[in-house]
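None of these values were measured; they are calculated from a predicted model. All chains are named by letter (A, B, ...) in the order of the sequence lines, taking the proteins before the strands, and each is independently numbered beginning at 1.
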Amino acid sequence: MTGKDKKVYAILTAILLAVAASWGLNGVYFNRGQLEKPVFLQHRIEAENGAGSSFILYRLQNRTDERRVEAIELPGIEVRGTTRIRHIEYRQQTLDGYMLEIADTESPAAKVSDEQPIVVRKADVRYDDGSRETADIGEVRFYPPSAAPSDLLYAIGGGSSNRNTGHATLEAGAPVKILSLQSPYLEEAAGKLSLFWADSGTAYEPFDMEQPAGDNPLANLTLPKQVGKKHKTSLGYRFVDRDSRDWSTVYRLLPVMTVQSGERTLDLRPASIEDNPSPSESQIRQFVRSGREKS
Amino acid sequence: MRKNVNLISWGLILTLINLVGSLWIGTLIDVAAYLMVYVGASRMKGVNPLFRQAGGLALTVILLSVINAFLPGDPEALLAEMPAWAWGFDLLGMFVGFALVYAVCEGTRREAEKEGEQELERKMKIGWQLYIVPSALAAAITPFALNFGEQLGLTLMWLAAALLSLVAMISIIVGLRRAGRDLRFDSAGLNES
């Protein structure tokens with residue numbers, strides 16, 4: 001081998017090392033962005049334990065994981081079906097929202113009360129390859145189902161926007177006064193959630209939508225509120241992340257509204273308040289990395 | 001000797017037109033292609049030590065191609081789906097491939113220089129340089145797709161590098177065909193078949 005050949009092979013070796021460094025560093029960076037296993041976001045969900053009840057559980061999974069979720073089961077709760085209804089693709093992960101439909105059940109486990117709801121913190125995930133795993137989901141509180149929709153105040157529609165705002169439109173069957181609104185998660189959601197009456201019909205902006213949510217989610221909700229017979233009112237809501245990790249806690253509130261009509265006072269749950277997480281690429285990466293550092 | 005140079009150039013042409021390189025049939029085509037390079041280069045080992053090296057490198061590429069066919073996962077797999085050791089084989093195969101192209105180009109260039117074929121000498125020299133720079137660049141860019149996705153800038157840069165590398169390889173093959181036609185390869189130890 002001549003001196004020139006040696007020089008060329010030395011250059012080739014340098015190229016190999018540079019290419020290997022590029023591959024190696026990219027490989028390390030890639031591996032640091034991989035979840036060790038699929039994770040559910042931390043949920044704070046209120047739901048009724050009966051037919052017609054449904055809610056969404058969000059789950060983050062590596063894109064290289066080819067398994068597909070066939071069913072999500074909750075211990076003590078009869079789940080009728082699992083349907084993927086949201087799918088967001090990120091560079092290394094996918095964020096999927098699975099809607100769980102609750103079945104009507106007469107089992108003893110279904111006997112719950114508002115004071116002592118069934119609280120579920122784990123879910124069993126069944127994959128298309130037959131494998132299963134149990135995962136932490138946060139918290140889902142199941143209340144007894146309503147016997148029948150109330151004729152005093154009932155939902156007739158609703159909607160949400162991609163800015164994580166939404167509304168539930170309610171109609172009164174008789175003149176009512178809404179006295180209060182309560183949920184066990186209101187305190188925890190303080191600073192993230194704002195509730196307000198959005199009665200203009202066109203906008204949810206009774207206040208500056210860009211400002212952070214205050215410490216009291218009900219601060220902009222004037223109570224008591226009168227609603228005339230066959231009149232409508234809209235309960236608006238807005239979620240604003242308190243910090244860059246806040247998106248990973250997902251709320252779904254079914255608040256109790258105490259409603260007075262004449263001499264009657266009733267506790268109803270006519271409206272649901274739904275959080276729709278849409279994290280950015282960098283928020284996902286930060287979430288994955290902090291999860292790896294903790295484990 | 002012309003036949004041997006043509007065997008090498010046909011081998012290289014076969015690697016270029018092997019568009020199904022990642023499938024089983026593609027591996028067979030690759031093996032056949034590098035076998036032609038090996039046979040051609042081995043028969044010219046007496047002409048120039050670089051052809052002997054080219055023969056050895058071609059054999060290594062054949063071995064790596066066969067191993068690659070048994071690597072786990074989908075043959076069309078992205079780097080993300082391959083284990084780290086399989087990356088090592090990919091890298092090694094790439095390096096040996098570069099070295100093989102160098103040995104063939106430089107061996108031919110030196111013969112052209114000996115026989116006063118200055119234009120051919122320059123062609124092989126520039127062909128090699130034109131080949132190695134974009135090929136190495138494309139190899140270095142490839143794993144960035146893992147972390148930065150199919151970004152337009154990266155994709156365009158990779159495509160430009162791959163295209164340049166292809167053009168350079170075509171130029172090298174044209175040079176080899178010309179060498180087979182114009183050079184006598186009459187060095188000591190000639191091993192004409």
Peer 1: Looking at Arg52(B), I'd like to know if its CZ atom is crowded, meaning that more than 12 non-hydrogen atoms belonging to other residues, nucleotides or ligands lie closer than 6.0 Å.
Peer 2: no
Peer 1: Could you pull out every donor-acceptor pair under 3.5 Å between side chains of residues 55-64 of chain B and any protein atom, sequence neighbours left out?
Peer 2:
| from | atom 1 | to | atom 2 | distance (Å) |
| --- | --- | --- | --- | --- |
| Thr60(B) | OG1 | Gly56(B) | O | 2.8 |

Peer 1: What closest approach, in Å, do Ser22(A) and Ala140(B) show between heavy atoms, and which atom pair accounts for it?
Peer 2: OG-O, 2.6 Å
Peer 1: Counting heavy atoms not belonging to Tyr58(A), are there more than 12 under 6.0 Å from its OH?
Peer 2: yes
Peer 1: Do you know which two heavy atoms are closest between Asn147(B) and Arg91(A), and how far apart they sit?
Peer 2: O-CD, 2.6 Å
Peer 1: With a 4.5 angstrom heavy-atom cut-off, is it the side chain or the backbone of Arg110(B) that approaches chain A, or both, or neither?
Peer 2: side chain
Peer 1: Assess the residue pair Met94(B) and Leu16(A) against the criterion (side chain to side chain contact (heavy atoms under 4.5 Å, CB included)); give the C-alpha distance rounded to whole Å, side-chain angles, the decisive distance to 0.1 Å, and a yes or no.
Peer 2: CA-CA 9 Å; Met94(B) 210 179 292; Leu16(A) 173 77; over 6 Å; no
Peer 1: Only one of Thr13(A), Val19(A), Ile15(A) clears side-chain contact (heavy atoms from CB on, under 4.5 Å) with Phe95(B); which?
Peer 2: Thr13(A)
Peer 1: Relative to chain B, which segment of Ala20(A) carries a heavy atom at a distance below 4.5 Å: side chain, backbone, both, or neither?
Peer 2: both
Peer 1: Between Leu12(A) and chain B, which part of the residue has a heavy atom less than 4.5 Å away: side chain, backbone, both or neither?
Peer 2: both
Peer 1: Is it the case that over 12 heavy atoms from other parts of the model lie below 6.0 angstrom from the CZ atom of Arg132(A)?
Peer 2: yes
Peer 1: Counting neighbours of CZ on Arg84(A) that are heavy atoms of other residues, nucleotides or ligands and sit closer than 6.0 Å, is the number greater than 12?
Peer 2: yes
Peer 1: Going by the rule side-chain hydrogen bond (donor to acceptor under 3.5 Å, both in side chains), which residues pair with Glu70(A) if we only count those two or more places apart in sequence or in a different chain?
Peer 2: none
Peer 1: Could you please state which residues from residues 163-171 of chain B sit under 4.5 angstrom from chain A, measuring non-hydrogen atom to non-hydrogen atom, sorted by number, or 'none'?
Peer 2: none
Peer 1: At a 4.5 Å cut-off on heavy atoms, which part of Tyr102(B) comes close to chain A: side chain, backbone, both, or neither?
Peer 2: side chain
Peer 1: So how far is it from Phe144(B) CZ to Trp23(A) CH2, rounded to the nearest 0.5 Å?
Peer 2: 12.0 Å
Peer 1: How about residues 123-139 of chain B versus chain A: which residues have heavy atoms under 4.5 Å apart?
Peer 2: Trp128(B), Ile132(B), Ala136(B), Ala139(B)
